[in-house]
Every structure is written in structure tokens, then in C-alpha cells.
Protein chains: 2
Amino acid sequence: MSHVTLRDIAKKADVSATTVSRALNNKPDVSSKTKDKILRIAKNLGYTSNLLAKSLRSRKSKTIGVVLTDISNPFFAAIAKGIESAAHKRGYSIILCNTDEKYEKEEEALQVLVEKRVDGLLITPVQKEYQDILRIKERRIPLVSIARHFDTIETDSVVSDDVLGGFLATEYLIKKGHKRILYISGPLHVSSASERLKGYKRALKKYKIPFKEKLVRGYTAKMGKAYTLTRRILKEKLDFTAIFTFSDFLALGVMKAIREEKLKIPDDVAIVGYDDIEFASALEIPLTTVHMPKYRLGTEGTNMLIDEIEGRSTHRKPQKLVFKPELIARKSA
Amino acid sequence: MSHVTLRDIAKKADVSATTVSRALNNKPDVSSKTKDKILRIAKNLGYTSNLLAKSLRSRKSKTIGVVLTDISNPFFAAIAKGIESAAHKRGYSIILCNTDEKYEKEEEALQVLVEKRVDGLLITPVQKEYQDILRIKERRIPLVSIARHFDTIETDSVVSDDVLGGFLATEYLIKKGHKRILYISGPLHVSSASERLKGYKRALKKYKIPFKEKLVRGYTAKMGKAYTLTRRILKEKLDFTAIFTFSDFLALGVMKAIREEKLKIPDDVAIVGYDDIEFASALEIPLTTVHMPKYRLGTEGTNMLIDEIEGRSTHRKPQKLVFKPELIARKSA
DNA sequence: CTGTTAGCGCATTCAG
DNA sequence: CTGAATGCGCTAACAG
């Protein structure tokens, strides 16, 4: 017999399964004598409650689904850590899924998570489409969008003000005397990327620098792609003196390409990243960047979600939490 | 009514729940006519199968528990990505837990995972104690240890040859002319750390360099601690010309401290890391390191585990997979 | 080809 | 204070 059940204990203790259940769950209406007896026997038998059965019965799985685009990216890894920690503190486990920035994978992940009856969902949506999200909403499964948000549909969300962040980064470079600033963007269907671009444009406008289409490139989230792209751009002799990258992760690839061309940072090319990942400060040339409270994005998102799940929040409207980003000036610009 | 059940479909289709179950699971013995009808109704109603019920019935949760020490560490993040990918391919979800290198957390995580009836476990054990692992073995729950292994108890494992890796790193430095090599170690109860130390000693011995106790320091897995430790060591005027670090992650902290003292890498101090994390090659001074097939550690470990779960492997003895590490020579040494 | 019965392990009625 | 009955949603065994 692999797993001990309430019945097994009940038999040994010569009581009903109901009583065992009560004793094990610290419910009232059990004499301390029988309770002690039951607890002792449960321990001897090595009883472990079956949460599948419990969940089926209670309609609560104490599990939340976490859908991220890439855990090996330190930005998401930090968020994941915050999520795990907050979830654990409140007694929840997390099922983690990677989407690789692909909508079909997101769709599939959500499907399985619903089948596994997670109590709620935390997601950095791919945003190429969002019907899968709508389906979740229809089912009234609590969902919190992290680090990204939708314009067209309403969901709870925990984000940072990316327009402001893009503005701060660009303004910083402008104040350092740069006028031709290259923006290596993330994919534009991702809200954080498009909003940082908006902030970039806004800063240019404020300082009366004309916006140039050709100074926006990339549309990727991958470090390797940022590297090859930068190499190509450097060959093109594109005219710029500074680069603002969508993320520190991309900045790493960009810096590598620049170094290979023997250009000096920040003298030949100034660089401002985004996210303030742990390594940003450990680099040979510490990276000037926009700080994102990654860990807190994770913890706050999780708490918002669990409040929703447990009905503490009876908000009719979607909850929104928006952090204010800050520029961290270091050596790269 | 929140969730549609087999019964709901059965009523609408005017058949029994069993027939619906058969139709939905592509079992034989259903006329294609009723099957079509059932499928159509299921779709209309937006049916989503309840995996909790299915799991309770089948005693298979199609979920594996993953216990890592720190997902925000890029080494583990890469492993996690490999695990998620392989698990997904074979139809499993992963519940992720962080232990923060604390035994109590590991114990707690395993407890919950057993309660949630995961089909198997993937773990980078803390190794301060291992009674919790023994308990899992007693219950005959498949378990694969990743990147670390036990000497005293038998478990399936997927690791890299850390003695060899430590040897290669040290030998490389010796061949570069270094004789006073500092080893910034991980916690010694962790097999990878103690084995790399063993490799370090073995290399010294081979080249007839006396081992000096005071040249082994650290015993930490945290970048911040490696940084402060290195600062202290530099003040001590300890006599060394090269550093071998337990991980690239630690090396980042070490390099930061060295840079602050205006020492040149590799001229003043040569550095060899371990793991070959993605950033190692993107650094200003690309890091010489020992390559670990992190992603594959994750995928192979997962496949080994699932083979075990599904009874494909009928091995009586624990399975062991050992990768051969390779030294990647770059600029830091 | 289809339906009935039964039970996975648990906790909530409702009676005593 | 305790127990019997019931059902969460699903499927395997058995009967027709």
C-alpha cells in the first residue's frame, strides 16, 4: 500500500474517518484524548494528506499558475523568485510555464493550468493576441498581469511606469549632450517596449530633437540578436552617439558588439539599459540603467492575486499597481 | 455554475457520463455519431476536463516537483528552463520551489509536493541533511538529483564530473605559471563544491605544488558575499596570483572587488570561474571558465525522471549520468 | 455500442 | 463529542 488514508488511520484508532479528518484539521468537537490518539497513529503510519482529494472536495487547489516568457532571462528570474517567495508565505505553490514569447505556448499553458484547477494566474502576457486571456476572464479565474498590461482589455496588473522610464533614460542621455540616440527596442506588441519608445519620443520632443525612424531598431528580447544587430548597425555607419536599450539583458549583447569594434564606453558610445538586473552593477563598466523593482513586482502581484482569490478584495474594478521607475546613473553613460 | 462537468454534457447529449468520458478521451466503443455529438456539445459548453479529479482517479498527476536552491541564480535558471522544456514536451507540468540553500525549506517543499501527489521529483539538494530525501525514497517516489549527488545514499542523478572540472581549472592556471591559487569555494556540504576542491588539490599535487589551507576561502554561493570577502582578502595582503571560483556567479562579485582595487585582470590577478553562464562571454573581460551543460542537465534529468515514472526504465540500480566538463579559455586567465 | 455501479480520498451535512 | 451518508468529477469493471 503506497499511501496511507484517513480510513487506514480510522481503523487503527477505532473511530470514523470523519473524526480523523476533524482531528487532523484541528477542528473542534473532538475530545483531546481521541485527538491525541489519532495524531499519534497518523504519525506512526506516516500519513500525508492527499491534496488532490482535498482540492477536488474544496474546489481550492492552493496552487497558482505562473506564465512567464523566459525564466532564464534574469529579469523574469527575479520576478519568479518574488512570486515563489510570496506565494509560499501565503501557503500556495506555483506551477511555472515558459512561453518563449510565443502566443500558442501561452494559450496551451493557460489551458493546462485551468485543467489543473489553479486558483489564479500570474502572467507576463505575450500580447500578440489575447483571446486566451479573455477566456480566463470569462471563467472568472483571478488573473494578474505582471510587468505588462493591456490597453484593450481590463485585467488586474502590477507594472512600472514604462513611459516615464523611457523618458528618464532618454532625458539623461540628452542632458549628457547626446542628440542622436539609438533605441534598441523590444517587440512592439509588448506594452513595456512600446511604452518605453513612447517615453523616448516624449523626451526627444521636450528637448526639441527631431525623432528619426531609423534610430529605432531591434524589436527583440534576445541578447544574441541584440549582439548581431549591433554588429550590423556598426558596419552601417549609422550616425549615433548613444544607445538606449530595452533591457539590460539586451545591453549585454550590445556592449559585447561595441567592445569588439574597439569602441569605448561611454566615450565613443554611451549606453543606458533598463531593468537594473543584478549583474548591471557588477560589470566592468557598471551599467547606467532604469531600476525596475523586479522582486517586488513578483511579490505584489502575488499578493494582489491571492487577495483576489481569497475574496479579501471585493473590488469591482481591476486593480492596478504602478511603480515609479528611477534612473540609476553609473559608468556606461 | 462555474465549471462544466461530464454530467452536464451527458445530460445535454442524452447519454451517460461514461460515454462522454469515452468520447472525450478517444477511447474505442463509441459510435462516431454520438461521439461527434458529444464533442460538439462539449465545445459549446466550453468544457475543460478537471485534472484534479482525473489525477485522483488515476493516481497520476502529470506534475513533477522541482526543488532548486535559487532560481534567480542564472545557473539554476538555466537548469530550470531545461526542466520546464523537457517536462512540457512529455506532457508534465512543474511545481517549482526555492530552498535558498536551507534544509528546513527543502523539507517543507518536499512535504507539500508529496501532498500534492507529484509523480516525481527533481532536486538540487541542500545536502546539510538528507532525511527528507530518505523519506521520499521510502515512499518510492521517483527522484533525480541534479547537479549534486550524495555519497551516503543512493539516488538517480545527473551531474557533471566536478572533480575533473576543478582539476581542469586549476591545471589551466598552473600551466599559465600560477603557483599561488586562491579557491573561493562554495559550501562544502554541497557535493559540487567539495569535489571541485578535490580537483583543485589533485591538480596541485600533480604539479607538486604544496596545498595551503589558507588559500581556500568563501564557502558561500552568494555573489554579494564573494564580493565582500574578496575585498577583505585583498586588504589582508594574502599572497596569490590567481583565483579559481566555485561559480561564475561568485566570480562576478570577485571581479568587482578586484576592479575596485584597480588591479588588472588577468595581469595582476587571473580568474577562472565555473558554469559558463550566459553572461560569462559577454563581460568586458570574457571569463575563462569550466563549461557546465546546464540546460541539458535539466532536460536529461527530466527525461530520466519521467522514464522512471512511466516505468520505461526498470533499472534496479540508481541511474547516474555524468557529463564531462570542458575548460573554456577566454580572457580572464 | 452503451449504461450502471463503484470508488479514488476527503470533508461537509445531518443525526444522534 | 461522534458517526453515517453523500458527493466533489472522473473512469474502470462489468453487464447488457
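A note on names: the letters A, B, ... follow the listed sequences, proteins ahead of strands, and every chain is numbered from 1. Being a predicted model, the structure only gives us computed values, none of them experimental.
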**Message:** Given 3.5 Å as the limit, does a donor-acceptor pair link the side chain of A:Arg22 with the main chain of A:Val30, or not?
**Reply:** no

**Asked** Any side-chain N or O of A:Ser31 under 4.0 Å from OP1/OP2 of D:dT2?
**Response** yes

**Message:** With heavy-atom distances below 4.5 Å as the criterion, would you say the side chains of B:Lys137 and B:Leu143 are in contact?
**Reply:** no

**Fill in**
dist B:Asp119:CG -> B:Ile306:CD1 (nearest 0.5 Å) comes out at 9.0 Å

**Message:** Are there over 12 heavy-atom neighbours, none belonging to B:Lys105, within less than 6.0 Å of that residue's NZ?
**Reply:** yes

**Fill in**
Interatomic distance, CZ@A:Arg90 vs CG@A:Leu305, rounded to 0.5 Å, equals 9.0 Å

**Asked** Could you write nucleotides 6-16 of chain D as a row of B, S and -, 5' to 3', where a protein heavy atom under 4.0 Å of any base atom gives B, of only sugar-phosphate atoms gives S, and otherwise -?
**Response** -BBBBBBB---

**Request:** Please say whether more than 12 non-hydrogen atoms of neighbouring residues, nucleotides or ligands are located less than 6.0 Å from NZ in B:Lys60.
**Result:** no

**Five-pair end axes of the helix from C:dC1-D:dG16 to C:dG16-D:dC1, angle between them (10°)** = 50°

**Asked** Mind checking whether B:Ile64 and B:Leu122 have side chains closer than 4.5 Å, heavy atoms only?
**Response** yes

**Item:** Test item: A:Arg139 and A:Val114 side chains (from C-beta on) under 4.5 Å apart, heavy atoms
**Value:** yes

**Prompt:** What nucleic acid atoms does A:Thr34 come within less than 4.0 Å of, heavy atoms only: base, sugar-phosphate, or nothing?
**Reply:** sugar-phosphate

**Request:** Indicate yes or no: at least one non-hydrogen side-chain atom of B:Arg117 is less than 4.5 angstrom from one of A:His3.
**Result:** yes

**Fill in**
Contact span of DNA chain C against chain A, any nucleotide atom under 4.0 Å from a heavy atom, 5' to 3', runs C:dG9 to C:dT12

**Prompt:** When you look at NZ of B:Lys222, are more than 12 heavy atoms from neighbouring residues, nucleotides or ligands closer to it than 6.0 Å?
**Reply:** no

